[in-house]
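In what follows, a single structure is set out as structure tokens and then discussed.
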Amino acid sequence: MQLRFLSPPHPKGLRREEIERIFAVIPPAQGHDALLFQMVYETGRRIGEALGLRRSDLNLNRGDEHLTVLGKGGRRRTVLLDDPALVARLRRYLRTLTFAHGPLFQAIKNGRGGPLRYQSVQARWQGYAAQAEVRCTLHQLRHSHATELVNGGVSLATIRKWLGHQHIQTTLRYAEISDGAADQELRQWRRQRH
């Protein structure tokens with residue numbers, strides 16, 4: 001009997017409209033949830049990386065906004081914050097915090113803050129997604145971001161570094177680009193030949 005190894009399925013991203021529908025149901029009083037989910041989506045961070053952020057990991061100096069992420073395998077990397085809406089939301093959020101150190105996203109229990117737990121955040125996301133009538137997981141925000149990068153023409157080497165993948169094979173799973181992006185790339189190639 002011959003064993004066949006199946007390649008892992010291509011990660012399934014969400015359409016931007018679906019993501020915006022979910023974000024739209026998050027109540028204004030839950031702004032920290034909206035910020036956390038927006039950060040995961042706009043930067044492609046793993047949820048564990050976002051939950052592990054500490055205030056000291058943020059640098060919001062104008063023109064050089066970035067964060068330092070502790071990724072898989074204990075590897076640190078710097079992530080550019082180039083979305084003006086996300087940076088503005090982060091600045092507003094920081095002004096509301098009553099603590100100067102510790103986890104960026106804290107759970108408040110009995111008047112004390114500690115890091116948010118993955119299970120709690122996942123449950124909140126599932127609740128918002130159900131309200132918006134979108135079936136998805138929180139991790140699909142990362143897949144959606146990566147797919148947008150591929151479809152936008154960002155090189156796989158840059159995407160690998162951006163997402164913190166150790167091996168390019170992991171990044172190649174996102175290489176299923178849309179027909180429109182493939183058509184555009186082929187048209188550009190043809191124009192350059194003639």
Side-chain angles (χ1 to χ4, degrees), residues 6-20 22-23 34-91 93 104-105 118 121 125 136-194:
L6 299 174
S7 59
H10 290 288
K12 183 182 179 328
L14 301 167
R15 292 186 320 274
R16 185 171 277 275
E17 311 84 64
E18 293 174 310
I19 294 167
E20 288 173 1
I22 297 169
F23 285 174
L35 174 61
L36 173 62
F37 300 141
Q38 182 184 8
M39 181 179 289
V40 169
Y41 175 55
E42 296 294 346
T43 67
R45 296 310 94 209
R46 295 174 182 98
I47 188 60
E49 292 172 344
L51 291 176
L53 287 172
R54 304 182 69 71
R55 285 198 62 164
S56 58
D57 294 329
L58 281 176
N59 179 342
L60 295 181
N61 292 334
R62 295 208 186 276
D64 186 31
E65 295 92 347
H66 64 271
L67 52 92
T68 303
V69 174
L70 181 62
K72 278 188 174 179
R75 292 185 305 271
R76 287 202 171 277
R77 67 188 188 286
T78 301
V79 174
L80 176 69
L81 294 173
D82 65 338
D83 181 290
L86 176 61
V87 170
R89 183 174 241 162
L90 266 167
R91 285 190 173 111
Y93 175 71
L104 182 60
F105 299 103
Y118 177 85
V121 172
W125 173 257
C136 64
T137 66
L138 181 52
H139 194 67
Q140 281 179 279
L141 288 177
R142 179 173 161 86
H143 295 317
S144 302
H145 178 76
T147 302
E148 284 183 6
L149 293 176
V150 169
N151 287 333
V154 177
S155 74
L156 290 176
T158 297
I159 296 170
R160 181 194 70 78
K161 182 169 179 41
W162 177 250
L163 295 178
H165 291 155
Q166 189 169 5
H167 304 287
I168 193 72
Q169 291 82 0
T170 306
T171 312
L172 284 171
R173 295 179 4 194
Y174 297 103
E176 280 298 312
I177 63 173
S178 70
D179 291 342
D183 292 349
Q184 181 180 351
E185 186 175 334
L186 288 170
R187 282 186 189 109
Q188 183 177 2
W189 174 76
R190 281 194 207 292
R191 283 187 208 114
Q192 290 174 347
R193 280 187 48 205
H194 297 300

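Heavy-atom basis, side chains included; hydrogens, waters and symmetry copies ignored.
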- Message: Go through it in stages, so that I can follow the logic: the residues are T137 and W125, the test is side chain to side chain contact (heavy atoms under 4.5 Å, CB included), and I'd like the CA-CA distance, side-chain angles, deciding distance and then a yes or no.
- Response: CA-CA 8 Å; T137 66; W125 173 257; 5.6 Å; no
- Message: Under the criterion side chain to side chain contact (heavy atoms under 4.5 Å, CB included), I'd like the reasoning laid out for E18 against F23: C-alpha separation, chi angles, the key distance, then a yes or no.
- Response: CA-CA 9 Å; E18 293 174 310; F23 285 174; over 6 Å; no
- Step by step, would you call L86 with T43 a side chain to side chain contact (heavy atoms under 4.5 Å, CB included)? CA-CA 9 Å; L86 176 61; T43 67; 3.9 Å; yes
- L149 and T158: side chain to side chain contact (heavy atoms under 4.5 Å, CB included), yes or no, with the steps? CA-CA 9 Å; L149 293 176; T158 297; over 6 Å; no
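Results of the side chain to side chain contact (heavy atoms under 4.5 Å, CB included) test with Q140 over V40, I19, T147, L14 single out L14 as the only residue that passes. Across T68, V69, D57, L163, a single residue satisfies side chain to side chain contact (heavy atoms under 4.5 Å, CB included) together with V79, and that is V69. Exactly one of R160, K161, H165 qualifies for a side-chain hydrogen bond (donor to acceptor under 3.5 Å, both in side chains) with T171. That residue is H165.
A 4.5 Å side-chain heavy-atom check between R54 and F105 finds every atom pair outside the cut-off. At least one side-chain heavy atom of L156 sits under 4.5 Å from a side-chain heavy atom of V150.
Here the CG-CD1 distance, from L141 to I22, works out to 7.0 Å after rounding to the nearest 0.5 Å. In this structure, CG in L138 is found 13.5 Å from CZ in R46, a value given to the nearest 0.5 Å. Taken from NE2 in H145 to CD1 in I159, the straight-line distance is 8.5 Å, to the nearest 0.5 Å. Distance check, rounded to the nearest 0.5 Å: OH of Y118 to CG of L51 gives 9.0 Å. For the atom pair CZ (R55) and CG (L104), the distance works out to 7.5 Å, reported to the nearest 0.5 Å. Here Y93 contributes atom OH and M39 contributes atom CE; the two are 9.0 Å apart, rounded to the nearest 0.5 Å.
Residues passing the salt bridge (charged side-chain N to carboxylate O under 4.0 Å, His left out) test with E148 are R16, sequence neighbours excluded.
In terms of heavy-atom proximity, V87 sits nearest to L81 at CG2-O, 3.7 Å.
At distances below 3.5 Å, at least one donor-acceptor pair connects side-chain atoms of R142 with backbone N or O atoms of G44.
Every pair passing salt bridge (charged side-chain N to carboxylate O under 4.0 Å, His left out) that includes a residue from residues 65-84 is listed here, sequence neighbours excluded: E49-R77, E65-R91.
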